[in-house]
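So you know, we letter chains A, B, ... as the sequences are listed, proteins then strands, and number each from 1.
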2 protein chains.
Amino acid sequence: MAVSDDRVPVPDVNREMCPSRRILEHVTSRWGVLVLAALLERSYRFSELRREIGGVSEKMLAQTLQTLERDGFVDRDAKPVIPPRVDYSLTQLGKEAAEQVWGLARWSERRVADVKAARVSYDDEKARAAASL
Amino acid sequence: MAVSDDRVPVPDVNREMCPSRRILEHVTSRWGVLVLAALLERSYRFSELRREIGGVSEKMLAQTLQTLERDGFVDRDAKPVIPPRVDYSLTQLGKEAAEQVWGLARWSERRVADVKAARVSYDDEKARAAASL
DNA sequence: CCGAATCCAAAACGATACTG
DNA sequence: CAGTATCGTTTTGGATTCGG
């Protein structure tokens with residue numbers, strides 16, 4: 001693997017992002033939310049999870065699962081068989097995380113109508129403001 | 001807490017780009033979280049908010065505020081004075097949103113230590129696996 | 001079947017300059 | 001003061017291909 005990338009213009013300045021922010025990003029990421037939600041019900045195999053979620057590429061699902069596993073939210077159980085079989089499930093910490101984000105997701109769902117109405121109102125007012133110029 | 005045994009109050013999270021997902025993205029976005037958290041305490045003017053949050057570009061702050069305003073979470077009060085003065089505050093819906101995400105943020109903070117430990121463990125195990133090849 | 005590696009297009013982001 | 005416009009960079013995500 002040719003890792004020799006001569007282009008190192010910036011000494012990668014310390015972008016000190018608070019740790020909790022990174023955790024938040026992981027659990028609320030596009031696929032992170034869906035993975036946690038699915039695993040809250042039961043454990044899944046890789047392809048099974050991919051089908052269940054739908055619309056996620058292998059790359060993104062693998063990446064998401066690895067991130068969540070590294071953070072200690074997901075347990076990866078690779079069985080030494082042919083063909084390979086890997087089961088994913090939530091750890092205790094992951095279950096807690098899943099419940100948190102699931103709560104937020106449910107709140108979002110409850111408020112969809114309010115938000116839609118607000119957007120109509122906003123766009124409307126904007127259109128009228130533009131028209132009166 | 002059992003989730004699987006109830007008639008699913010499930011958000012359409014399994015569908016591609018459902019409305020609730022977009023709401024979730026807005027309120028949990030990098031700057032969205034910080035804006036909501038700040039406004040939860042009191043109202044802010046634009047530059048004031050920018051300083052308070054720190055590290056956010058004008059462009060991103062403006063964009064974030066507009067998104068949150070359009071969704072009905074933030075109220076923008078532009079006073080017709082010279083020099084301009086614009087106050088941002090939370091609507092009732094926005095206060096609810098802010099409390100939700102703030103709860104999640106606080107949970108993340110509480111679990112930072114656990115996640116850090118999990119990462120060390122993960123990286124460690126990975127290193128040992130690589131070494132034993 | 002699980003997933004790593006590569007390529008590349010598109011979107012997000014930040015810095016800067018500029019306007020009312 | 002409160003933004004908008006523009007531009008270059010960084011990051012992201014999907015498609016594809018390859019390997020264990």
*Step by step, would you call B:D123 with A:R70 a side-chain contact (heavy atoms from CB on, under 4.5 Å)?*
CA-CA 8 Å; B:D123 293 344; A:R70 192 170 106 98; 2.5 Å; yes
*Please tell me if the side chains of B:V74 and B:L90 come closer than 4.5 Å, counting only heavy atoms from C-beta onward.*
yes
*asked:* Any non-hydrogen side-chain atom of B:V35 less than 4.5 Å from a side-chain atom of B:L61?
replied: yes
Could you check how far [atom1] of [X] sits from [atom2] of [N], rounded to whole Å?
X     : N      : atom1 : atom2 : value
A:I53 : D:dG13 : CD1   : P     : 14 Å
A:E25 : C:dC13 : CD    : C1'   : 13 Å
B:M60 : D:dT4  : CE    : C1'   : 15 Å
A:L61 : D:dT12 : CG    : P     : 17 Å

*asked:* Side chains of A:Q63 and A:W31 only: does a donor on one sit below 3.5 Å from an acceptor on the other?
replied: no
[X] side chain, from C-beta outward: closest of [options]:
X     : options               : value
B:K59 : D:dG3, C:dA15, C:dG20 : C:dA15
A:R45 : C:dC2, D:dC1, C:dC13  : C:dC2
B:E58 : C:dC2, C:dA17, C:dG14 : C:dA17

*asked:* Return whichever of A:P84 or A:S57 has its heavy-atom-nearest nucleotide of DNA chain D closer to the 5' end.
replied: A:S57
Are [X] and [N] close enough that a side-chain N or O sits under 4.0 Å from OP1 or OP2?
X     : N      : value
B:W31 : C:dG14 : yes
B:Y88 : D:dG3  : yes
B:R76 : D:dG3  : yes
B:S47 : D:dC1  : no
B:Q63 : C:dA12 : no
A:Q66 : C:dA4  : yes

_Within a 6.0 Å radius of atom CZ on A:R22, are there more than 12 heavy atoms belonging to other residues, nucleotides or ligands?_
no
*Under 3.5 Å: donor-acceptor pair, side chain of A:T91, backbone of A:G72*: yes
*Side-chain ion pair, B:E52 and B:R42, N-O less than 4.0 Å*: no
*How sharply is the helix from C:dC1-D:dG20 to C:dG20-D:dC1 bent, taking the axes over five pairs at either end and rounding to 10 degrees?*
40°
*Closer to the 5' end of DNA chain C via nearest nucleotide, is it A:A62 or A:P83?*
A:P83
